[in-house]
Amino acid sequence: MKIGVLGAGQLGRMLALAGYPLAKDFVFYDMSGNPSAGIGETIVDPEGTRLGDFLSQVDRVTYEFEHLPVEVASELEKHKPVHPCPRALEVCQNREAEKTLFGQLGIPTPKWQVADNAATLKAAAKSLGCPVVAKSITEGYDGKGQAVLRSPEEAEQAWQSIGHPRVIVEKFVDFRREVSIIAVRGEDGDVAFYPMAENTHHEGILRYSIAPAPDLQPHIQADAEGYIKALLNELNYVGVLTLELFETKDGLMANEMAPRVHNSGHWTIEGAMTSQFENHVRAVSGHPLGNVSARGLSCMINIIGEHGDIERILELPYAHLHLYNKGERPGRKLGHVNVLADSYEELVWRVKNCAEFLPGCPDFISSLTAKG
Ligand code: AMP
């Protein structure tokens with residue numbers, strides 16, 4: 001079976017790496033002109049004239065990034081199965097549609113309103129109560145196109161800095177930590193949930209994911225599973241779906257979802273019985289889902305901007321290195337290290353040790369380190 005992947009970045013690369021042992025082949029379709037998957041065949045098509053060529057080579061289509069035109073996915077769907085469905089893409093590309101769907105399914109979110117000029121932004125900030133976060137409705141990711149307003153008076157400046165015709169304004173959440181849940185749904189409707197991860201961001205980019213999230217109360221995992229299951233079933237979804245959430249003292253609030261394998265699930269490559277990548281390939285191909293249990297305790301460390309002392313990391317007996325074969329550039333995701341341990345104490349020690357070889361890696365701050 002040949003799987004066509006829209007997008008050709010590191011997520012596509014890792015999908016292919018997981019799919020080859022299952023005898024899958026991959027063809028990537030890249031509209032950015034800058035593919036980095038470096039594996040399988042890649043059709044580079046910034047003009048969008050070679051879709052027919054792509055289609056003729058593949059049996060099924062999936063995607064590894066969500067910022068591609070929905071029309072492309074809908075057109076492809078007329079000819080070949082496309083998993084997940086284009087509606088999932090449509091919802092994820094628009095924060096207003098996404099938060100509306102969450103509300104319809106009873107998934108809690110921060111209180112929100114929409115604004116389409118500086119005056120309505122100011123009014124929204126007043127009525128929600130500052131601080132609030134304003135985010136462009138479309139095209140935002142990794143904290144880009146966002147501004148925090150500490151008072152309604154900052155509306156004009158925030159509006160200018162975002163530079164987008166429509167924004168969503170959210171009440172700022174006083175969260176304990178950021179967490180995510182990754183689930184997979186098969187063609188037959190079977191659903192499996194990975195243990196949740198605790199995620200630490202720095203300058204808007206994910207740096208560390210610990211899984212299973214330490215000290216997670218079982219009802220929190222159960223709530224998250226209920227929310228993501230509602231989304232999977234509503235969208236008649238096939239493949240891996242990620243839901244990012246805030247954990248507060250009153251429970252969970254959803255932030256956003258991603259219709260794909262996710263950076264906060266990279267720990268599953270060695271840390272789970274079946275990785276998120278293999279399970280996505282299984283689902284998209286119509287196979288049964290694999291076991292999603294954790295093998296132990298894991299922490300994923302992202303390698304951002306510079307590679308650091310790769311040779312020293314390779315010497316660590318508990319570290320698994322994954323490089324994406326990309327050039328160094330500030331803020332760019334170049335790879336990740338999965339660190340495994342039998343106890344959280346050991347995990348902290350190992351992660352700190354490993355992070356020393358990664359220049360620019362922020363201190364390991366998490367619920368584990370906060371306890372001292
Ligand atoms: P997003 O692009 O929506 O994932 O936001 C990027 C980051 O901004 C999140 O990972 C949070 O750290 C922070 N953030 C986003 N929305 C809120 C919110 N309503 N309250 C507090 N922090 C937020």
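As the structure is a prediction and not an experimental result, all values here were calculated from the model. Just so it is clear, the values below take in all heavy atoms, side chains as well, and ignore hydrogens, waters and symmetry mates. Order of appearance sets the numbers: ligands from 1, and atoms from 1 within every ligand.
Using a 4.0 Å cut-off between heavy atoms, K111 makes no contact with ligand 1 at all.
Taking the six-membered ring for Trp and the full ring otherwise, the centers of F26 and Y20 sit less than 6.0 Å from each other.
For V133, no nitrogen or oxygen atom sits less than 3.5 Å from a nitrogen or oxygen atom of ligand 1, counting backbone and side chain alike. Checked against a 3.5 angstrom limit, the closest N/O atoms of E244 and ligand 1 fall outside it.
At least one heavy atom of K171 sits less than 4.0 Å from an atom of ligand 1. The closest approach between any non-hydrogen atom of Q146 and ligand 1 is below 4.0 Å.
Of the listed residues (E178, H201, E98), the one carrying the non-hydrogen atom nearest atom 9 (C) of ligand 1 is E178.
Take T62 and apply the side-chain hydrogen bond (donor to acceptor under 3.5 Å, both in side chains) test, not counting sequence neighbours, and it matches H280. With sequence neighbours excluded, the residues satisfying side-chain hydrogen bond (donor to acceptor under 3.5 Å, both in side chains) with Q113 are S127.
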Original post:
side-chain contact (heavy atoms from CB on, under 4.5 Å) between L235 and M257: does it pass, once the steps are laid out?
Top reply: CA-CA 13 Å; L235 296 167; M257 65 188 215; 3.9 Å; yes
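Results of the side-chain hydrogen bond (donor to acceptor under 3.5 Å, both in side chains) test with E198 over S367, S264, S209 single out S367 as the only residue that passes.
Side-chain contact check for N302 and Y208: no donor-acceptor pair (N or O, by modelled atom type) lies under 3.5 Å.
Every atom of ligand 1 with a heavy atom of K135 under 4.0 Å away is listed here by number and element: 3 (O), 15 (C), 16 (N). For ligand 1, the atoms closer than 4.0 angstrom to any heavy atom of F175 are 21 (C), 22 (N).
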